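Step one of this worksheet: look at the structure below.
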Amino acid sequence: MLNKLVANAEEAVKDIQDGATIMLGGFGLCGIPENCINALVKTGVKNLTCISNNAGVDDFGIGLLLNTRQVKKMVSSYVGENAEFERQLLSGELEVELIPQGTLATRCLASGYGMPAIFTPAGVGTEVADGKEIREFNGKQYLLEYAFDSDYAIVKAWKGDTHGNLIFRETARNFNPMMAMAGKITIAEVEELVPAGELDPDQIHTPGIFVNRIFQGVDYEKRIEQVTTRLKS
Amino acid sequence: MLDKFGIAKRIAKELKDGYYVNLGIGIPTLVANYVPEGIEVVLQSENGLLGIGPFPFADEVDADLINAGKQTVTTTIGSSFFDSALSFGMIRSGRVDLTVLGAMEVAENGDIANWKIPGKMVKGMGGAMDLVAAAKNIIVAMQHVDKKGNSKLLKRCSLPITGLGCVKKVVTELGVFDIVPEGFQLLERAPGITVEYIREKTEGHLLVVGEIPEMVV
């Protein structure tokens, strides 16, 4: 019998050890695994390498793990919204590897697709290409980039079932599906957990085979970085 | 001289019916406000949305629905959501017809620098390197000179490069320029700006062929 259900975030992340490499889904603060980030702050696990498109803000998201100095290295494409991040980077406490956003996504994808590497044109002629193999195809140059090797992937979905099938909502999908496929162990927290059989198989974004642990998340804040509105005329 | 809205308005004239368009953060985002009457374009947001609509009314703000600038948005009729890998698949495989980006520097050979100032805070390249490496048509919206009055249209970029030889057109507060083998070819002058003034403010090679019309915005 499939047994992927865990009680809560604390149980889901309790075996993550110091020095682990973890992927965290989300774009900005949209679609981030809030419950598991909070649980990691509680476990106090240290020297994490975090692969995530962004690094949260000072008091939310991955910013919480930076405040408690639990992160050794960030692998991201854009980290502009976090003052504590900047301070740790400039003081040398934090290592950062910046990589193009499409390269980040596709290195996750390669991992989940069981392919060791990809060729991408992004970064050719820039410092991103330093030390990397370049191959020419049809007269254009491409960089060799390797699939990620990550101990854990932690993702957030809108709905999930007890078999680990996941459905994401709107732009909260972002990096979550390909990270879900790329972890040696994948943990999914969902806003709504239902028994297997209740989700329409045609609507599943991530098949449960990729998910090892799933739980119903609680108290989602879903903070918005920039609330922009228009007036009713 | 154009303000940022004027630059956005002028770039909007480059839109064609049926275009899929990726707009960067800043002035490029404003281009969406000036889509000409009678044409339909679909805006792509690299975080996973085709068909970006206007900002929501206050009572319809949705934390799960943002653009690449992390602003709350809405969707248009016919929109779709997808993951980040698929999004960059669209970009890399050349489905996006036009990309509009900001820049710190552009060189006369079409190189662009817009992601890093060494010694200062490094925020990261986001999706810019993927976009410039693959987009068929890149228009840059930028200020012609920096705060000290130094040209940002250069012979060679001095800042770390984002992409090589990729920019096709530049629109600044002073004019519209195509990147051609000889350098920056001046196509239009901003209202009230002379060719001599533009020449003075352009470090890269400026190509001026015949009479240069004043732009209509």
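Source: prediction; values computed, not measured. Letters go in sequence order (proteins before strands), and every chain restarts at 1.
A/I99 touches chain B through its backbone: at least one of N, CA, C or O sits under 4.5 Å from a heavy atom, while the side chain does not. Within the 4.5 angstrom heavy-atom criterion, only side-chain atoms of B/E60, from C-beta onward, approach chain A. Of the atoms belonging to A/V96, not a single heavy atom falls under 4.5 Å from chain B. Interface residue B/T162: only backbone heavy atoms are found under 4.5 Å from chain A. Contact of A/N176 with chain B is not made at all, since no heavy-atom distance falls under 4.5 Å. The contact between A/L231 and chain B is made entirely by backbone atoms, counting heavy-atom distances below 4.5 Å.
You'll find the side chain of B/V61 reaches within 4.5 Å of the side chain of A/T229, heavy atoms only. Counting heavy atoms from C-beta on, the side chains of A/E127 and B/K116 come closer than 4.5 Å. Counting heavy atoms from C-beta outward, B/F88 and A/Q101 have side chains that approach closer than 4.5 Å. Two residues are said to be in side-chain contact when any heavy atoms from C-beta on lie closer than 4.5 Å; B/F81 and A/H205 fail this criterion. Using a 4.5 Å heavy-atom cutoff, the side chains of B/W115 and A/L98 are in contact. Looking at heavy atoms from C-beta onward, B/D130 lies in side-chain contact with A/T103 at the 4.5 angstrom threshold. For the pair B/D59/A/K232, a side-chain contact is recorded, criterion being any heavy-atom separation below 4.5 Å from C-beta on.
Ion pairing between B/D62 and A/K222 fails under the 4.0 Å rule for side-chain N and carboxylate O.
A donor-acceptor pair under 3.5 Å is absent between the side-chain atoms of A/T228 and the main chain of B/F55, judged by distance alone. A donor-acceptor contact shorter than 3.5 Å links the side chain of A/Q226 to the backbone of B/G69. Judged by distance alone, with hydrogens and angles left aside, the side-chain atoms of B/R92 form a donor-acceptor pair with the main-chain N or O of A/G102 at under 3.5 Å. Panel note: side chain A/T171, backbone B/I66; a donor-acceptor pair is recorded below 3.5 Å.
Contact between A/T126 and B/G163 at its shortest, heavy atoms only, is CG2-N, 4.3 Å. Scanning all heavy atoms of the two residues, the minimum distance from B/A133 to A/P121 falls at CB-O, 3.4 Å. Heavy-atom minimum distance, B/D64 versus A/R169: OD2-NH1, 2.7 Å.
Within the cation-pi definition used here (under 6.0 Å to the ring centroid, within 45° of the axis), A/R173 does not qualify as a partner of B/F82.
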